[in-house]
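Structure record follows, encoded as structure tokens.
Because the structure is a prediction, the values reported are computed rather than measured.
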Amino acid sequence: MKKALSSIALAISIGLVCCVMAFAYNVNEKVKVEWKGGWYTATILKVDNNKYFIHYDGYGSNWDEWIGPGRMKSLAGPAYSVGDSVQVKWKGTWYPAKILKAQGGQFFIHYDGYGSNWDEWVGLGRMKK
């Protein structure tokens, strides 16, 4: 019985270590960061234990901040390319659009059926396939 309990405890420990490692982020890694209900692309500048000092891509360094992993998501997910048809969220509603340009985790989109004056740069937090 003791041997079985030891094996179970070892398996649980290994599982926990694997889970922590799976959610660990690294310096220079691009991530999505939640801020006031929106998701923004950011770059990790420093790592200290379970805290991450991030820079929001496209924003000044005055927005850089230390955050915990609960506000981050990996950028792994749907890959987007120029020419892709996507849905873009604008004021709470999803609209069909096409990606015209891509740069640094941001996408310049054109809304289907609207003039080019509505074209804009958006981040991953406002797009879905």
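Listed here is the closest heavy atom pair of Tyr59 and Tyr40: OH-CE2, 3.9 Å. Taking both residues in full, the closest heavy atoms of Val82 and Leu100 are given as CG1-O, 3.3 Å, listed atom of the first, atom of the second, then distance. What you find for Met72 and Tyr52 is that their closest heavy atoms are CE-CD1, 3.4 Å. Between Ser85 and Lys98 the shortest heavy-atom distance is OG-CE, 4.0 Å. When every heavy atom of Trp94 is checked against every heavy atom of Arg126, the shortest pair comes out as CZ3-O, 3.3 Å.
Residues forming a ring pair (Phe, Tyr, Trp, His ring centres under 6.0 Å) with Phe108 (at least two apart in sequence, or on another chain): Trp121. The salt bridge (Lys or Arg N to Asp or Glu O under 4.0 Å) check on Asp112 picks up nothing, with sequence neighbours excluded. Taking the ring pair (Phe, Tyr, Trp, His ring centres under 6.0 Å) definition, one finds that Tyr111 meets it with nothing, sequence neighbours left out.
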Could you please spell out the steps behind the side-chain contact (heavy atoms from CB on, under 4.5 Å) verdict for Val33 and Ile67? CA-CA 9 Å; Val33 177; Ile67 63 170; 3.6 Å; yes
Report the C-alpha separation of Met127 and Ile109 in whole Å, then their side-chain angles, then the decisive distance to 0.1 Å, and conclude whether the side-chain contact (heavy atoms from CB on, under 4.5 Å) test is met. CA-CA 10 Å; Met127 290 190 346; Ile109 58 93; 4.2 Å; yes
Might you work through the side-chain contact (heavy atoms from CB on, under 4.5 Å) test for Thr43 and Ile54, ending with a clear yes or no? CA-CA 6 Å; Thr43 304; Ile54 57 98; over 6 Å; no
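A chain of hydrophobic side-chain contacts below 4.5 Å, direct or via other Ile, Leu, Val, Met, Phe, Trp or Tyr residues, connects Tyr80 to Tyr95.
Within the 4.5 Å cutoff, side-chain heavy atoms of Trp35 are placed close to those of Arg71. Between His55 and Lys46 the shortest side-chain heavy-atom distance does not fall below 4.5 Å. You'll find the side chain of Thr41 reaches within 4.5 Å of the side chain of Gln106, heavy atoms only. Looking at Val86 and Ile99, their side chains come closer than 4.5 Å, going by heavy atoms from C-beta outward. Side-chain contact between Leu45 and Asp64: present, with at least one pair of heavy atoms (C-beta onward) separated by less than 4.5 Å.
To the nearest 0.5 Å, atoms NZ (Lys36) and CD (Glu34) are separated by 10.5 Å.
Ionic pairing of Glu65 and Lys51 is not present here: no N-O contact between side-chain nitrogen and carboxylate oxygen is shorter than 4.0 angstrom.
Shown here is Trp118, whose CH2 atom has no more than 12 heavy atoms of other residues, nucleotides or ligands within 6.0 Å.
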